[in-house]
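What follows is a short report on a single structure.
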Amino acid sequence: MVVKIVEAYEKVDQVKILFKEYVEWLNIDLSFQNFSEEFNSLPGKYSIENDGRLYIAYSDELLAGCVGLRKINIEINDKNNQQIDDDDDNNEQQQKKQQKICEMKRLFVKSEFRGLKIGKLLVERLINDAKEQNYDYMVLDTLKTLTRAISIYKSFGFIEFDPYYYNPNSNDVTFLKLKLK
């Protein structure tokens, strides 16, 4: 088995195939994340020009998975493991250096390719890119039922923290962060 991870900017049609499979597999309405807008504007926030990344993975030349990275505007307070909204008027927070934070999104491996470490390779590539781009933190959210994914994230050093955006399914979701520097 040969796994190849490639930038997906010229392969948006293949990304869309994977994103559709991802949403069908999740079986959750992602309208609260403006998924339709994200889907229709690909690569959009995942573009290099927007400090993002978008990858697809192939296994022996077969489309196997994808992942994206996008810049987000939140601030993370290390003291109490909380996130801070942009609207916080706290002078202490305004004096802090502006953090550069990215979010991992849409990690998906097709069912027939699971167990081949493709997800781990995609995560590793994204973390390395985020470090090269001088991001301070990477955050993500995932369903609590996706225990294999959570164990992959934690193997890279991600830790749980409070929700960083509104999610109507928050009771079923785990929010994770990784300090990159």
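Sequential numbering from 1 along the given sequence is applied to the chain's residues. Since this is a predicted model, take the numbers as computed values, not measurements.
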> For atom CD of E37, is the number of surrounding heavy atoms from other residues, nucleotides or ligands below 6.0 Å larger than 12?
Replying inline: no
>> I'd like to check the salt bridge (charged side-chain N to carboxylate O under 4.0 Å, His left out) partners of E132; sequence neighbours left out, ordered by chain and number.
In response: none
>> Under 3.5 Å, is there a donor on one side chain and an acceptor on the other for N167 and Y165?
In response: yes
> Quick one: does D141's side chain have a donor or acceptor within less than 3.5 Å of a partner on F175's backbone?
Replying inline: no
> Going by an N to O cut-off under 4.0 Å, is there a salt bridge joining D51 and R70?
Replying inline: no
> Excluding sequence neighbours, so at least two apart, what forms ring-ring contact (aromatic ring centres under 6.0 Å, His included) with Y153?
Replying inline: F158
>> For the residue pair K16 and F39, would you count it as a cation-pi contact if the rule is NZ or CZ under 6.0 angstrom from the ring centre and within 45 degrees of the ring axis?
In response: yes
> Are more than 12 heavy atoms from other residues, nucleotides or ligands located less than 6.0 Å from atom NZ of K45?
Replying inline: no
>> Do the side chains of E160 and K154 get close enough for a salt bridge, i.e. N-O under 4.0 angstrom?
In response: yes
> Pick one: which of V67, V109, I56 meets side chain to side chain contact (heavy atoms under 4.5 Å, CB included) with L18?
Replying inline: I56
> Looking only at heavy atoms, which two atoms of M1 and S59 are closest? And how far apart?
Replying inline: CG-OG, 3.4 Å
> Would you call K110 and E21 a salt bridge, taking side-chain N to carboxylate O under 4.0 Å as the test?
Replying inline: yes
> Would you call R106-E38 a salt bridge at under 4.0 Å N-O?
Replying inline: yes
>> Applying the side chain to side chain donor-acceptor pair (under 3.5 Å) criterion to Y164, which one of K177, E103, E75 satisfies it?
In response: E103
> Hey, what's the ring geometry for F19 with Y22, parallel, tilted or perpendicular (30° and 60° as the breaks)?
Replying inline: tilted
>> Between D136 and K100, does any NZ, NE, NH1 or NH2 come within less than 4.0 Å of an OD or OE carboxylate oxygen?
In response: no
>> Quick check against the 3.5 Å criterion: does S47 have a side-chain atom that pairs as donor or acceptor with the backbone of N50?
In response: yes
> Closest approach of L176 and F161, non-hydrogen atoms and distance?
Replying inline: O-CE2, 3.3 Å
> Quick one: CG on L178 to SG on C102, what's the gap to the nearest 0.5 Å?
Replying inline: 8.5 Å
>> Can you give me the closest heavy-atom contact between A130 and M138, atom names plus distance?
In response: CB-CE, 3.6 Å
> Crowded around R148 CZ? As in, over 12 foreign heavy atoms under 6.0 Å?
Replying inline: no
